[in-house]
Participant: 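This structure is in structure tokens; I'll ask about it shortly.
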Amino acid sequence: MNAGGDSDDSSASVAARSARSGEGSLAEDGFVPSALGTREHWNAVYERELQTFQEYGDTGEIWFGEESMTRLIRWMQKHKIPLDASVLDIGTGNGVFLVELAKFGFSDITGIDYSPSAIQLSGRIIEKEGLSNIKLKVEDFLNLSTELSGFHICVDKGTFDAISLNPDNAIEKRKQYVKSLSVVLKVKGFFLITSCNWTKEELLEEFSEGFELFEELSTPTFSFGGRTGNSVAALVFQKKFR
């Protein structure tokens, strides 16, 4: 499967956003617990995508579409982020964003995912592209190894969304995510998050401990019933001094 295109409504993001559609039993935080929040689901997804890549060369789905990657790289270019800045892609999936960063010239790039199949798929795609300056690691962001720290930029396109849908104590998992982010990101480093489950105001609340809003990125809008809104939220946070 490959969403591609310039739309922010990939099938994955539509599925994740449906967690607040009102179907099923709402958890305390207002989300419907879903398989989309489990490791088993994503292992199965990336096992299938790995097989598809091996058979047909299809790299798989781009979360939030190609425009979401362009938006983030454009922001880095606008703010003159050095090409040797260390970048961590949290929940890298098929690693396509890592490929785009490398093609743009970034030289210190790391992708992590708790699915071994995702990391294997990323490795195959990166190898096919002839790139060698990308580091990959099977890593659960909620249970970090001591090796991950000191990043200038952290990027999340949908991982926080997935964690929010975990059937097993998602609220505590979100709190642990924020703690882990504080560990891996340098002081004054930037965190770029794209979400289809959370509004700007909600994300400001979720990341209020240790982070401040640096910039809101422009995303496509939609109109319905005379009201206009955004299908996704894209924010840049900066880690504060303690």
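Predicted model, so just to flag it, every value in this text is computed and none were measured.
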Participant: For the pair Ser107 and Asn133, evaluate side chain to side chain contact (heavy atoms under 4.5 Å, CB included) and give the outcome as yes or no after the intermediate values.
Facilitator: CA-CA 6 Å; Ser107 59; Asn133 60 333; 4.3 Å; yes
Participant: Report yes or no: does Glu139 contribute a side-chain atom to a donor-acceptor pair with the main-chain N or O of Ser145 at less than 3.5 Å?
Facilitator: yes
Participant: Any side-chain heavy-atom pair from Ile163 and Phe141 closer than 4.5 angstrom?
Facilitator: no
Participant: Mark yes when over 12 heavy atoms from residues, nucleotides or ligands other than Glu212 sit less than 6.0 Å from its CD; otherwise mark no.
Facilitator: yes
Participant: Indicate whether any N or O donor in one side chain lies under 3.5 Å from an N or O acceptor in the other, for Asp156 and Tyr177.
Facilitator: yes
Participant: Are any side-chain N or O atoms of Ser122 and backbone N or O atoms of Gly93, one a donor and one an acceptor, separated by less than 3.5 Å?
Facilitator: yes
Participant: Stepwise, does the side chain to side chain contact (heavy atoms under 4.5 Å, CB included) test hold for Ile112 with Thr92?
Facilitator: CA-CA 6 Å; Ile112 61 170; Thr92 195; over 6 Å; no
Participant: On a heavy-atom basis, which atom in Leu185 and which in Lys239 lie closest, and how many Å separate them?
Facilitator: O-NZ, 2.8 Å
Participant: Would you say Ile126 and Leu136 make side-chain contact, with heavy atoms under 4.5 Å?
Facilitator: yes
Participant: For Tyr114, check side chain to side chain contact (heavy atoms under 4.5 Å, CB included) against everything at least two apart and list the hits.
Facilitator: Arg39, Trp42, Asp140
Participant: Backbone N or O of Leu235 within a donor-acceptor pair of the Glu216 side chain at under 3.5 Å?
Facilitator: no
Participant: Closer than 3.5 angstrom, by distance alone: can the side chain of His152 be matched with the main-chain N or O of Gly189 as a donor-acceptor pair?
Facilitator: no
Participant: In terms of side-chain geometry, is the basic nitrogen of Glu129 or Arg124 positioned less than 4.0 Å from the acidic oxygen of its partner?
Facilitator: no
Participant: Does any part of the side chain of Ile153, heavy atoms only, come nearer than 4.5 Å to the side chain of Leu192, both counted from C-beta?
Facilitator: yes
Participant: Do the side chains of Lys78 and Glu215 get close enough for a salt bridge, i.e. N-O under 4.0 angstrom?
Facilitator: yes
Participant: Is Ile90 close to Leu181 at the side-chain level, that is, under 4.5 Å between some pair of heavy atoms?
Facilitator: yes
Participant: Set out, in order, the CA-CA distance, both residues' side-chain angles and the distance that settles side chain to side chain contact (heavy atoms under 4.5 Å, CB included) for Ile134 and Leu131, then state yes or no.
Facilitator: CA-CA 7 Å; Ile134 297 175; Leu131 301 169; 4.1 Å; yes
Participant: Assess the residue pair Asn94 and Phe97 against the criterion (side chain to side chain contact (heavy atoms under 4.5 Å, CB included)); give the C-alpha distance rounded to whole Å, side-chain angles, the decisive distance to 0.1 Å, and a yes or no.
Facilitator: CA-CA 8 Å; Asn94 59 13; Phe97 183 57; over 6 Å; no
Participant: Tell me whether the rings of Phe191 and Phe207 are parallel (<30°), tilted (30 to 60°) or perpendicular (>60°).
Facilitator: tilted
Participant: Output yes when a side-chain donor or acceptor of Thr219 lies under 3.5 Å from a complementary backbone atom of Ala234, and no otherwise.
Facilitator: no
Participant: Just wondering, do Glu202 and Glu205 contact through their side chains at under 4.5 Å, heavy atoms?
Facilitator: no
Participant: Any salt bridge between Glu209 and Lys175, counting N to O under 4.0 Å?
Facilitator: no
Participant: Donor-acceptor pair, Ser195 side chain versus Asp161 backbone, under 3.5 Å?
Facilitator: no
Participant: Are any side-chain N or O atoms of Ser182 and backbone N or O atoms of Lys179, one a donor and one an acceptor, separated by less than 3.5 Å?
Facilitator: no
Participant: Using modelled atom types and a 3.5 Å cut-off, is there a donor and acceptor pairing between side-chain atoms of Asn43 and backbone atoms of Ala118?
Facilitator: no
Participant: Does this structure show an ion pair linking Lys135 with Asp108, if we count only N-O contacts that are shorter than 4.0 Å?
Facilitator: yes
Participant: Check whether any side-chain N or O of Arg71 sits under 3.5 Å from a backbone N or O of Ser218 as a donor-acceptor pair, and report yes or no.
Facilitator: yes
Participant: Applying the 4.5 Å side-chain criterion to the ILVMFWY set and letting contacts propagate, would Phe104 and Val99 be lumped into a single cluster?
Facilitator: yes
Participant: Calculate, to the nearest 0.5 Å, the distance between atoms CG and CG belonging to Leu203 and Leu213 respectively.
Facilitator: 9.5 Å
Participant: Name the residue from Phe237, Phe211, Trp75 that meets the ring-ring contact (aromatic ring centres under 6.0 Å, His included) definition with Phe190.
Facilitator: Trp75
